[in-house]
A.B. asks: 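Have a look at this one before I ask anything.
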Amino acid sequence: MPALNTVVFSSDFEPGSQPLNAAKVRWFRRRLKTWGQQNFRDFPWRRTCDPYAILVAEFLLQKTTAATVAPIYQEFVGRYPTLSDLAAAPAEEVASLLQPLGLFFRAQKLRESVLVILENYQGNVPRTEAQLLELPGVGKYIARSVCANAFGQPKAVLDTNVARILQRFFGIDGGKVKSRSSELWEAAERVAPKQQVGPWNLGMLDFGAAVCTARNPRCGECPLQQQCEYKISSEINSRLIAELS
DNA sequence: AAGGCGGGGTC
DNA sequence: GACCCAGCCTT
């Protein structure tokens with residue numbers, strides 16, 4: 001007998017149903033866009049258009065809760081207001097400021113990236129995904145997030161929140177969330193709107209942090225509940241449990 | 001595909 | 001006390 005608290009059949013739906021059919025995608029997009037506009041979280045890095053300040057935020061936010069990052073980020077950009085200021089700072093001082101956030105390699109990578117930008121791009125954060133990807137410590141998520149948030153480019157992102165939402169709502173397997181499969185990246189791009197992708201991305205992150213959480217998701221107050229595969233599978237699971245007991 | 005990194009918040 | 005967090009890099 002399976003454990004009672006696990007969801008059975010989460011990726012075992014009828015073969016005929018297409019997970020990402022157009023109507024469902026449009027419904028998802030409309031609902032989530034509305035939710036995002038009404039629940040926008042106000043973080044300091046969301047108030048700036050400075051690509052340098054946004055890049056700093058991306059480094060600090062890796063695998064780290066946004067609320068935890070906020071005060072450290074304020075102190076950091078206060079100390080190093082410009083990219084040149086950070087480039088001139090002693091590595092040890094930078095590391096000390098970021099110590100409370102863990103993942104200590106980030107301080108070094110961030111400083112290395114800043115030096116590369118100073119050397120190769122005259123101190124201006126590069127504007128293309130390919131160029132950003134070459135920076136040390138910058139992967140696909142950060143590259144695309146900078147493109148969207150700092151330069152207004154239509155680049156959808158896939159992070160742990162987006163992956164979880166897509167897997168649940170559309171019933172996408174995609175392997176473990178950690179793997180960041182190409183299937184999930186394609187889904188992330190597919191559901192994103194054509195315009196205002198930066199705000200859209202932020203809405204997805206906020207939704208994952210507030211409603212579609214990893215543990216104890218708030219399905220009761222979820223605007224997507226009607227068409228969510230996760231809810232459906234949970235019901236199947238509940239019935240199964242009822243029958244077995 | 002899997003493991004490591006990490007302090008801090010949450011349940 | 002276990003789990004998770006705006007990922008990335010190395011085997």
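We name chains A, B, ... by the order of the sequence lines, and we start the count at 1 in each one.
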A.B. asks: Is a side-chain donor-acceptor pair under 3.5 Å present for A:Gln131 with A:Thr128?
C.D. replies: yes

A.B. asks: Would you kindly give the CZ-to-C1' distance between A:Arg106 and C:dA6, to the nearest whole Å?
C.D. replies: 11 Å

A.B. asks: Can you tell which of A:Lys155, A:Arg144, A:Lys140 makes a salt bridge (Lys or Arg N to Asp or Glu O under 4.0 Å) with A:Glu189?
C.D. replies: A:Arg144

A.B. asks: Describe the nucleic acid contact of A:Val138 in one word from base, sugar-phosphate, nothing, applying a heavy-atom distance below 4.0 Å.
C.D. replies: sugar-phosphate

A.B. asks: In whole angstrom, give the distance that lies between atom CG of A:Asn216 and atom C1' of C:dA2.
C.D. replies: 13 Å

A.B. asks: Take atom P in C:dA6 and the same atom in B:dA2, then report the distance between them in whole Å.
C.D. replies: 23 Å

A.B. asks: Between A:Phe28 and A:Phe170 (judged by ring centroids, cut-off 6.0 Å), do the two rings come close enough to count as a pair?
C.D. replies: yes

A.B. asks: More than 12 heavy atoms of other residues, nucleotides or ligands under 6.0 Å from CZ of A:Arg41: yes or no?
C.D. replies: yes

A.B. asks: Side chain of A:Leu202: nearest nucleotide among C:dC8, C:dC3, C:dA6?
C.D. replies: C:dA6

A.B. asks: What's the gap between C:dC8 and B:dG9 when it is taken at their C1' atoms, as a whole Å value?
C.D. replies: 22 Å

A.B. asks: Any carboxylate oxygen within less than 4.0 angstrom of a Lys/Arg side-chain nitrogen, looking at A:Asp159 and A:Lys63?
C.D. replies: no

A.B. asks: Between C:dG7, B:dG6, B:dG8, which one does the side chain of A:Tyr141 approach most closely?
C.D. replies: C:dG7

A.B. asks: Please list, by residue number, the residues of residues 38-73 of chain A whose heavy atoms come closer than 4.0 Å to an atom of DNA chain C; answer none if no residue qualifies.
C.D. replies: A:Arg41, A:Trp45, A:Arg46, A:Glu58, A:Leu61, A:Gln62, A:Lys63, A:Thr64, A:Thr65, A:Ala66

A.B. asks: Between the side-chain atoms of A:Arg215 and the base atoms of C:dC4, is any donor-acceptor pair under 3.5 Å?
C.D. replies: no

A.B. asks: Taking OP1 and OP2 of C:dC5, is either one under 4.0 Å from a side-chain nitrogen or oxygen of A:Arg164?
C.D. replies: yes

A.B. asks: Between A:Ala214 and A:Ile142, which is nearer to the 5' end of DNA chain C once each is assigned its nearest nucleotide?
C.D. replies: A:Ala214

A.B. asks: Look at all strands and tell whether A:Asn161 reaches a base, only sugar-phosphate, or nothing, counting heavy atoms closer than 4.0 Å.
C.D. replies: sugar-phosphate

A.B. asks: Starting at CD of A:Gln99 and ending at P of B:dC5, how long is that distance when rounded to a whole Å?
C.D. replies: 16 Å

A.B. asks: Find out whether A:Ile142 and A:Val146 are in side-chain contact, i.e. whether some heavy atom of one side chain is under 4.5 Å from a heavy atom of the other.
C.D. replies: yes

A.B. asks: Taking atom C1' in both B:dG8 and C:dC9, compute the distance separating them and give it to the nearest angstrom.
C.D. replies: 23 Å

A.B. asks: A:Lys109 NZ to C:dC8 C1': how many Å, rounded?
C.D. replies: 8 Å

A.B. asks: Taking the same atom, P, in C:dC3 and in B:dG4, what whole-Å distance lies between them?
C.D. replies: 15 Å

A.B. asks: Once you round it to whole Å, what is the distance between P of B:dC5 and CG of A:Leu101?
C.D. replies: 18 Å

A.B. asks: Evaluate the ring planes of A:Phe76 and A:Tyr80, with Trp represented by its six-membered ring, and classify them as parallel (under 30°), tilted (30 to 60°) or perpendicular (over 60°).
C.D. replies: perpendicular

A.B. asks: I need the CG-C1' distance between A:Leu98 and B:dG6, as an integer number of Å.
C.D. replies: 13 Å

A.B. asks: Here's a test of your reading of the structure: between A:Ala209 and A:Gly137, which maps to the more 5' nucleotide of DNA chain C?
C.D. replies: A:Ala209

